[in-house]
Amino acid sequence: LETTQAITILRPFHGGGRQELVSQPKIYGFDTGFVAFSRGWTSLRSEDCGHLLENLVLESLQAISSLRGIFFWRTKQQKEIDFIVPVGRDCVHLIECKWKSNQVDLKSIKAFREDYPKGENFLVTSDAHLQSSNRMGDLNFKYLNIEMFRSEFEKAVKIRE
């Protein structure tokens, strides 16, 4: 199925972090309609929207030809980042997708940035109407909706090239 591009298999990102999982890939369908059909969804529930947003972000990332790879990150303690994109030596951008911005959990992002401090943090939500940059504690974030994400992410990748 991966050869026919019906699915995308993401491998875990790891670089020597303390408790990183290095196996157990994540599988995404090629299209949000395919995902909904394969899961047997006849109507959308609010808890389904976050999964579909992740799928849309992955499709946007796959459309950027200059990327060196797309990964996800997870620890044994179940901390997880949706997408990790290496963009230079020791520099990785992270993308976290949440349907609503109030669902963002900073614990995973902080844990990741302890081991990999260089890179930008992107939060993609359905309720980000204007692009904004915010700071939470020691972390800077770019809040974006899906329409703004691809162009902003492409800019961040080109800056690092």
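Residues: numbered from 1 along the sequence shown.
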task = Kindly determine whether Ile70 and Gln62 satisfy side-chain contact (heavy atoms from CB on, under 4.5 Å), including the steps that lead there.
result = CA-CA 8 Å; Ile70 305 167; Gln62 289 173 319; 4.1 Å; yes

What are the two closest non-hydrogen atoms of [X] and [Y], and how far apart are they?
X	Y	answer
Arg113	Val92	NH2-O, 2.9 Å
Tyr143	Ser101	CE2-CB, 4.4 Å
Gly69	Pro86	O-CD, 3.5 Å
Lys118	Asp90	CB-O, 3.3 Å
Gly119	Cys91	CA-SG, 3.7 Å
Ile146	Ser60	CD1-OG, 4.2 Å

message = Quick check on Asn102: does its CG atom have over 12 non-hydrogen neighbours (other residues, nucleotides or ligands) under 6.0 Å away?
response =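 Above 12, so yes.
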
message = The test is side-chain contact (heavy atoms from CB on, under 4.5 Å); show your working for Ile84 and Ile95 and say whether it passes.
response = CA-CA 6 Å; Ile84 301 297; Ile95 301 115; over 6 Å; no

key: Check: Phe122 ring centre within less than 6.0 Å of Phe153 ring centre   =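 Yes: the rings meet the under 6.0 Å criterion.
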
Which distance, rounded to the nearest 0.5 Å, do you find between the [atom1] of [X] and the [atom2] of [Y]?
X	Y	atom1	atom2	result
Ile109	Asp138	CD1	CG	13.0 Å
Phe72	Lys26	CZ	NZ	6.0 Å
Leu56	Leu61	CG	CG	11.0 Å
Leu10	Gln24	CG	CD	14.0 Å
Phe13	Ile81	CZ	CD1	11.5 Å

So does [Y] get a backbone contact from the side chain of [X], meaning a donor-acceptor N/O pair under 3.5 Å?
X	Y	value
Arg74	Asp82	no
Asn145	Thr125	no
His93	Glu120	yes
Gln103	Lys100	yes
Asn121	Asn140	yes
Arg150	Ala63	yes

message = Before you tell me yes or no, could you show the steps for Leu123 and Leu144 under side-chain contact (heavy atoms from CB on, under 4.5 Å), namely the whole-Å CA-CA distance, both residues' side-chain angles and the distance that decides it to 0.1 Å?
response = CA-CA 6 Å; Leu123 297 177; Leu144 305 162; over 6 Å; no

key: Salt bridge flag under 4.0 Å for residues Glu54 and Lys98   =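 Looking at Glu54 and Lys98, the cut-off is not met.
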
inquiry  = Could you check whether Glu114 pairs with Lys110 (Lys NZ or Arg NE/NH1/NH2 to Asp/Glu carboxylate O, under 4.0 Å)?
reply    =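 So Glu114 does not pair with Lys110 through a salt bridge.
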
ask   = Do Trp73 and Glu20 get their side chains close enough for a donor-acceptor pair, meaning under 3.5 Å?
value =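 Checked: Trp73/Glu20 side chains pair up, N/O donor to acceptor below 3.5 Å.
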
task = Begin with the C-alpha distance, continue with both residues' side-chain angles, and end with the deciding distance and a verdict on side-chain contact (heavy atoms from CB on, under 4.5 Å) for Val124 and Leu53.
result = CA-CA 8 Å; Val124 182; Leu53 180 62; 4.2 Å; yes

